[in-house]
Structures are given as C-alpha cells and as structure tokens.
Protein chains: 2
Amino acid sequence: MPAKTSNAPKSPARSRVLDTATRLFYTEGVHSVGIDRIIAEAGVAKATFYHHFPAKDALVQAYIEEQTRMQREAAEQLEADGPREKLLAVFDHMGRVGGLADFRGCPFINAAAEYPDPAHPVRRSIEDYRTWFRELMRELLTEAGDPDAERTADLLMLIRDGLAVACDLDDPVAPRPLVRDAVLRVIGGARDGAEV
Amino acid sequence: MPAKTSNAPKSPARSRVLDTATRLFYTEGVHSVGIDRIIAEAGVAKATFYHHFPAKDALVQAYIEEQTRMQREAAEQLEADGPREKLLAVFDHMGRVGGLADFRGCPFINAAAEYPDPAHPVRRSIEDYRTWFRELMRELLTEAGDPDAERTADLLMLIRDGLAVACDLDDPVAPRPLVRDAVLRVIGGARDGAEV
DNA sequence: AGCAGACTAGACAGATCTGTCTGGTAGGGT
DNA sequence: ACCCTACCAGACAGATCTGTCTAGTCTGCT
C-alpha cells in the first residue's frame with residue numbers, strides 16, 4: 001500500500017506531529033505535554049493522530065527513535081581523518097551543542113527519568129541508543145588501537161553522560177576544555193602540555 | 001509558636017507526608033505521582049497536607065532538600081583518615097548505592113528533567129545540592145594538596161553524574177571498578193598496578 | 001472552662017488528560 | 001463511477017489532577 005514511488009515518504013501529517021512532539025517533549029518534558037497541545041501546534045486532527053499512533057506512549061517511543069536517528073546522522077556527518085580524530089570530533093560536537101541556548105540536557109536521560117520501568121518500550125529504545133553509542137566508541141577505539149576498547153568505551157560513556165548533565169545543570173561552557181583533555185587522556189593521546 | 005521545648009520537632013503528619021513523597025517521587029517520578037496518592041499512602045487528610053505545604057511544588061522542593069540533607073548526612077558519616085581517602089569513600093559509597101536493587105538514578109538529575117525552567121525553585125534547590133557537592137570535592141582536593149582543585153572538582157562532578165546515570169540506565173555494577181580507577185587517576189593517586 | 005491549632009473525612013469545582021466516536025471533505029487508483 | 005485512504009473539526013466519555021471548602025474531633029495550654 002505505501003508504494004508511492006519506491007519507498008514510504010511518511011505522511012506529512014505524521015511528520016508534523018513527530019516534529020512538534022520532538023520539539024515539545026525535549027523542551028518541556030514528556031508528561032508535561034499533552035496530546036491536545038501537540039495536535040494543536042502540529043495543526044492536525046485528533047483522529048489523524050490516533051490514526052498514525054496507537055497511543056501517546058508510541059509517540060514518545062517514536063520521539064526517542066527520532067532523536068537516535070538525528071544523533072546518528074550528526075555523528076556520521078562529522079568529518080575526521082582517523083578514528084582518534086573522529087572520537088574527539090564527537091565530543092567536541094557534544095560540547096558545542098551543550099553550549100547552545102536551547103540545550104535542555106540529554107533527551108534520553110531526561111526521558112528515562114520519566115519512565116522508571118526498565119522494561120517499558122520507551123526505556124528499551126533508550127537502551128538501543130546507548131548500545132549504539134557505546135558500540136560506536138568501542139569500534140573507533142579498536143580501530144585506533146586501544147588494547148582494552150570495551151573498558152575505555154565505558155569510560156567515554158561516563159564522560160558523555162557527565163558532560164550532558166553538566167551542560168544542562170551547571171555552567172554549559174566550563175566543562176568543554178576539561179572534557180577534551182579528559183577524552184585525550186582516556187584515549188591515550190595526551191600531550192605533555194595537556195596536564196590535567 | 002513552634003516553641004515546644006527549644007526547636008521545632010516537625011509535626012508527625014508532615015513527616016509522614018514528606019517520607020511518603022520522598023519514596024514515591026524517587027521511585028516513580030514527580031509528575032507521575034499525584035497528591036491524592038501521597039496523602040492516601042501517608043494516611044493524612046488533604047486539608048492537613050495543604051496546611052503544611054502551600055502547593056505540590058513546595059512539597060517537591062522539600063523532597064529535593066530532604067534528599068540533599070540525606071546525602072550530606074551520608075557523606076559526613078563516611079569514615080576515612082585523610083581527604084584522599086574521604087574522596088574515594090564518597091565514590092565507593094555512590095557505587096554501592098548505585099548497585100542496590102531499588103536504585104533509580106540520581107534524584108536531582110531525575111527531578112531536573114521534569115522541571116525545565118532553570119529559574120524554578122525546585123531547580124534552585126537542585127543547584128544548591130550541586131554547589132554543596134562541588135564544594136565538598138574542592139575542599140577535600142585542596143586539603144589533599146591538589147594544585148588545581150577547582151578543575152579537578154569539575155572532573156569529579158563529571159564522573160559523579162556519569163556514574164549515577166550508568167548505574168541507572170546500564171549495568172549497575174560494571175562501572176564501579178572503572179570509576180575507582182578514574183577517580184584515583186584524577187586525584188593523582190594512581191598506583192602502577194592500576195593501569196586503565 | 002475555653003480557646004487555638006493540628007488533625008480527619010470527604011465533597012466539590014474546575015481544569016486537563018487520554019482515547020473514542022461521529023461526520024464530513026478531498027484526492028488517487030482502478 | 002467507485003472506493004479507499006488520509007485528513008479535518010470537534011463533541012464526548014471517563015478518569016485524574018490540583019486545590020478549596022465544610023464539618024467535626026482531639027489535645028494541650030492558659
């Protein structure tokens with residue numbers, strides 16, 4: 001049925017809903033934003049919303065997966081010659097984004113705070129993101145010759161989460177040079193001049 | 001008016017409300033738990049609740065401040081001979097708590113996710129906690145002879161937040177030895193055997 | 001004795017939430 | 001001509017939320 005030309009271009013109404021939800025969920029939180037508000041700002045009828053999503057939770061899950069897609073895309077578009085530079089580019093990018101005025105923290109950490117049950121589909125989708133990110137770190141580290149990529153990836157995960165929280169709750173620019181040094185040290189690329 | 005003997009022992013009804021709220025807010029989130037549920041489980045009349053708290057937000061703020069009080073108390077009760085050992089003890093304690101079955105992440109990070117406005121009183125109280133913790137780190141580091149305690153404290157803050165998130169969203173026991181090594185390296189106490 | 005304050009039980013108002021349902025329009029494929 | 005799908009507008013049910021209010025009990029101080 002969805003054979004327009006070749007693949008499914010996703011209906012415009014659905015896209016409008018997902019875009020609006022992504023914006024509102026991120027800036028105001030999931031439980032604080034109701035369906036009525038979303039469909040009003042998306043300019044979509046209620047029946048249309050429930051035609052595309054079985055329930056609100058499904059929209060929340062779609063929001064999480066959309067965030068994952070966007071972050072993967074952003075990571076792929078970062079240009080770097082070599083795995084070490086790629087790793088640094090990922091964290092530099094995070095620091096830049098964290099310093100923007102509309103930064104509101106990590107969407108995955110924030111959403112998880114509103115879904116306590118680890119078995120909930122939303123939490124599963126959040127897990128998927130974290131698995132992807134950790135895998136990305138591990139692959140780049142292995143490629144860069146890290147002898148214990150698994151362990152170092154866990155360390156980078158720690159820094160990632162810490163950076164996201166710090167940019168949200170504390171001074172959003174202070175941790176940036178700090179993080180760069182920390183990442184450099186962790187991936188074994190510290191120069192003598194970069195003492196912490 | 002509250003001159004019973006010398007200070008205010010806080011009414012038992014109020015304590016019951018705050019205890020119940022602390023439990024429910026932490027395990028299920030703030031917006032997901034209603035006043036009706038809290039007063040029912042606390043065994044308190046609605047009028048009594050509104051007699052002690054002007055609104056739900058005030059209870060949320062009291063919850064945050066109660067969490068701060070508890071964490072301060074826990075930190076003070078950690079025995080250690082020397083600032084370096086005290087620092088390690090704080091992080092060891094965090095790792096232990098993070099591994100417990102009922103660990104649900106950092107209450108401050110979680111609550112902040114539900115209060116996007118940084119000017120909100122709840123966010124201010126969260127800020128107070130974070131200021132206290134950073135100060136504690138800074139003082140211990142200075143005492144331990146760290147030449148750049150400010151900077152190292154920021155690094156420890158990063159590890160703290162990363163540990164709390166990891167214990168909540170990932171494997172709750174994996175990061176523990178990792179964190180100990182990371183803290184040791186950051187505070188300049190790495191032995192040769194503790195290679196990361 | 002009398003009064004103030006802490007407390008209980010629960011009705012109530014008004015808003016808001018999710019999800020369903022009715023009814024109707026427009027366009028594309030067959 | 002026909003039908004299917006996507007879409008819009010909005011009423012509606014039923015639950016739940018916060019916060020107010022009435023009405024009455026119990027305790028301890030003065």
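Every chain is numbered from 1, with letters handed out A, B, ... down the list of sequences.
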Test salt bridge (charged side-chain N to carboxylate O under 4.0 Å, His left out) applied to Glu139(B) - qualifying residues, sequence neighbours left out: none
Interatomic distance where NE2 belongs to His31(B) and P belongs to dC17(C) [whole Å]: 12 Å
His31(B) and Tyr115(B) aromatic ring geometry - parallel, tilted or perpendicular at 30°/60° bounds: tilted
Residue-phosphate contact under 4.0 Å: Arg16(B) side-chain N/O, dT8(C) OP1/OP2: yes
Within residues 91-112 of chain A or reaching into it, pairs that qualify as side chain to side chain donor-acceptor pair (under 3.5 Å) - sequence neighbours excluded: Asp92(A)-Arg180(A)
Residue pairs passing the side chain to side chain donor-acceptor pair (under 3.5 Å) test where at least one lies in residues 39-48 of chain B, sequence neighbours excluded: Arg23(B)-Glu41(B), Asp36(B)-Lys46(B), Arg37(B)-Glu41(B)
Results of side-chain hydrogen bond (donor to acceptor under 3.5 Å, both in side chains) for Arg176(A) - residues two or more places apart only: none
Short side-chain N/O contact from Arg37(A) to OP1 or OP2 of dT18(C), under 4.0 Å: no
Strand contacts (DNA chain D) in residues 45-60 of chain A, 4.0 angstrom heavy-atom criterion: Ala45(A), Lys46(A), Ala47(A), Thr48(A), His51(A), His52(A)
Counterpart residues, side-chain hydrogen bond (donor to acceptor under 3.5 Å, both in side chains), relative to Gln71(B) (two or more places apart): Tyr129(B)
Spacing of Ile35(A) atom CD1 relative to dA15(C) atom C1', expressed in whole Å: 18 Å
Protein-nucleotide distance (Ile38(A), atom CD1; dT16(C), atom C1'), rounded to Å: 14 Å
